[in-house]
Undergrad: 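Mind looking over this structure? Questions follow.
Values below: all heavy atoms of this structure, side chains included; hydrogens, waters and symmetry mates excluded. Proteins get letters first, then strands, A, B, ... in listed order; numbering begins at 1 in each.
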Protein chains: 2
Amino acid sequence: MATLTPIQEKFILHWGEMGTRWGINRTVAQIHALLFISPKPLPAEEIAETLSVARSNVSNSLKELQGWGIVKLVHVMGDKRDHFESLKDVWEMFRHVADERKRREIDPTLAMLRECLAAAGEEKDAHIRERLGALQEFFVTTTSWYDVVRQWPASALAKFAKLGDKALKLFTGPRA
Amino acid sequence: MATLTPIQEKFILHWGEMGTRWGINRTVAQIHALLFISPKPLPAEEIAETLSVARSNVSNSLKELQGWGIVKLVHVMGDKRDHFESLKDVWEMFRHVADERKRREIDPTLAMLRECLAAAGEEKDAHIRERLGALQEFFVTTTSWYDVVRQWPASALAKFAKLGDKALKLFTGPRA
DNA sequence: CCACTATTTCTGTGCCTACTGAAATAACAG
DNA sequence: CTGTTATTTCAGTAGGCACAGAAATAGTGG
């Protein structure tokens, strides 16, 4: 894995680019891509060589990936160096990321909105209360909705998607 | 609106910070926040003064927001300057952003995966085919699932969220 | 057609993050 | 305890995006 096949390289570069679009450091995303397609755990040294980045950079990036919970430190028999592997299950992987982003970004936003609305209640500015209230409602609804589907098995998600428009009728139909 | 109340400022700063976390330029997000809470459309000049950024910066940022489809150019009677307003409906707003991100980022990723898988089919590397295949399946399922719910009315989403765990049983129950 | 205002394009600057390489620390074997 | 290898921390550098301000263009009323 010290040198990459064209396919591996293409995937890793794309994944890195994708990361930056979503606020993830390019190198961090590339390392994750490499570990994701690696058949076996890799030591930091090898990652640095393969991607041509400094060893220290890899060290910090791995810390961040572990912080997201999608990369784990493992040990290989007869090798005292730390090795790293990505989660294999794609659904689980994205659930980890989604959970973390909710915790880091959505929850603080909801807190901010609560504070603003509390302060706005004292003012006679009904307009901003309406606007921030609408935003709050959106986040409350979507997060509580995410809390529901996040624990569905992947198969349920797939089945649901296949239903298409029928899904809507299925759960509004029986009562309305 | 040339000067901001503490609440307005708090919201705008937070929204700008939030933007950067998701790969959106800070100023772009701040301008969007300002327009979102503004009771009336604003001219670029006033946005620049209120947020203390260069007029040209506002011009470019507004272009980007229009590109996302969440800010519209409007005209005010008796004023020849362009004015700008944000979408009011929060759900519609996020649907615009989600649609665009799908178009800009998910679709190209699916294309990349198809190409890689096509090329990998020729090789005898079963492992990378398995990995990229799993990723492809994830994106195909989630996007087709998004295509379903994106056209639900907000009320349906809310109702669905309220059901909680019962939602799963509701649509698996009748047949399984 | 001219003067004036609004808007966009362009170019150089500055700032912020990412990164490297070195130094410090930790982990381990003998 | 000492030498060796692995890892992290740190400080300085560099590269890239965001930004300001100037210049160019477009739009408008007279």
Undergrad: For residues 59-73 of chain A, which side-chain donor-acceptor pairs fall under 3.5 Å, sequence neighbours excluded?
TA:
unit_1, atom_1, unit_2, atom_2, d
A:Asn60, ND2, A:Ser56, O, 3.4
A:Ser61, OG, A:Asn57, O, 2.9

Undergrad: Please list, pair by pair, any protein nitrogen or oxygen found under 3.5 Å from a nitrogen or oxygen in nucleotides 26-30 of chain D.
TA:
none

Undergrad: Determine which pairs satisfy salt bridge (Lys or Arg N to Asp or Glu O under 4.0 Å) with at least one residue from residues 22-35 of chain B, sequence neighbours left out, and list them in order.
TA: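 Only B:Glu17-B:Arg26 qualify under salt bridge (Lys or Arg N to Asp or Glu O under 4.0 Å).
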Undergrad: Side chain to side chain contact (heavy atoms under 4.5 Å, CB included) with A:Lys10: which residues, sequence neighbours excluded?
TA: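 Listed in chain order: B:Met112, B:Glu115, B:Cys116.
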Undergrad: Specify the residues of residues 51-72 of chain A, ordered by number, for which at least one heavy atom lies under 4.0 angstrom from an atom of DNA chain C.
TA: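 DNA chain C contact set from residues 51-72 of chain A: A:Ser52, A:Val53, A:Ala54, A:Ser56, A:Asn57.
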Undergrad: A:Asp107: which residues meet the salt bridge (Lys or Arg N to Asp or Glu O under 4.0 Å) condition with it, sequence neighbours left out?
TA: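 Checked A:Asp107 against salt bridge (Lys or Arg N to Asp or Glu O under 4.0 Å); matches are A:Lys102.
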Undergrad: Please list all pairs passing the salt bridge (Lys or Arg N to Asp or Glu O under 4.0 Å) test where one or both residues lie in residues 126-150 of chain B, with sequence neighbours left out.
TA: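 Every salt bridge (Lys or Arg N to Asp or Glu O under 4.0 Å) pair that includes a residue of residues 126-150 of chain B, provided the two are not neighbours, is B:Asp99-B:Arg150.
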Undergrad: Mind checking salt bridge (Lys or Arg N to Asp or Glu O under 4.0 Å) for B:Arg114 and listing every partner two or more places apart, or none if nothing turns up?
TA: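 B:Arg114: no salt bridge (Lys or Arg N to Asp or Glu O under 4.0 Å) contacts found.
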Undergrad: Checking one residue: B:Trp22. Which other hydrophobic residues are in its cluster under the side-chain 4.5 Å linking rule?
TA: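 Grouped by the 4.5 Å side-chain rule, A:Met18, A:Trp22, B:Met18 form the rest of the cluster around B:Trp22.
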Undergrad: First contact, last contact: which nucleotides of DNA chain C are these for chain A, 5' to 3', heavy-atom distance under 4.0 Å?
TA: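 Under 4.0 Å from chain A, the extent on DNA chain C is C:dA18 to C:dG21.
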Undergrad: Could you tell me which residues satisfy salt bridge (Lys or Arg N to Asp or Glu O under 4.0 Å) with B:Asp125, sequence neighbours excluded, listed by chain and number?
TA: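 Partners of B:Asp125 under the salt bridge (Lys or Arg N to Asp or Glu O under 4.0 Å) test: none.
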Undergrad: Could you list by number each residue of residues 15-33 of chain B showing a heavy-atom separation from DNA chain C of less than 4.0 Å, or answer none if no residue does?
TA: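 Listed by number, there are none.
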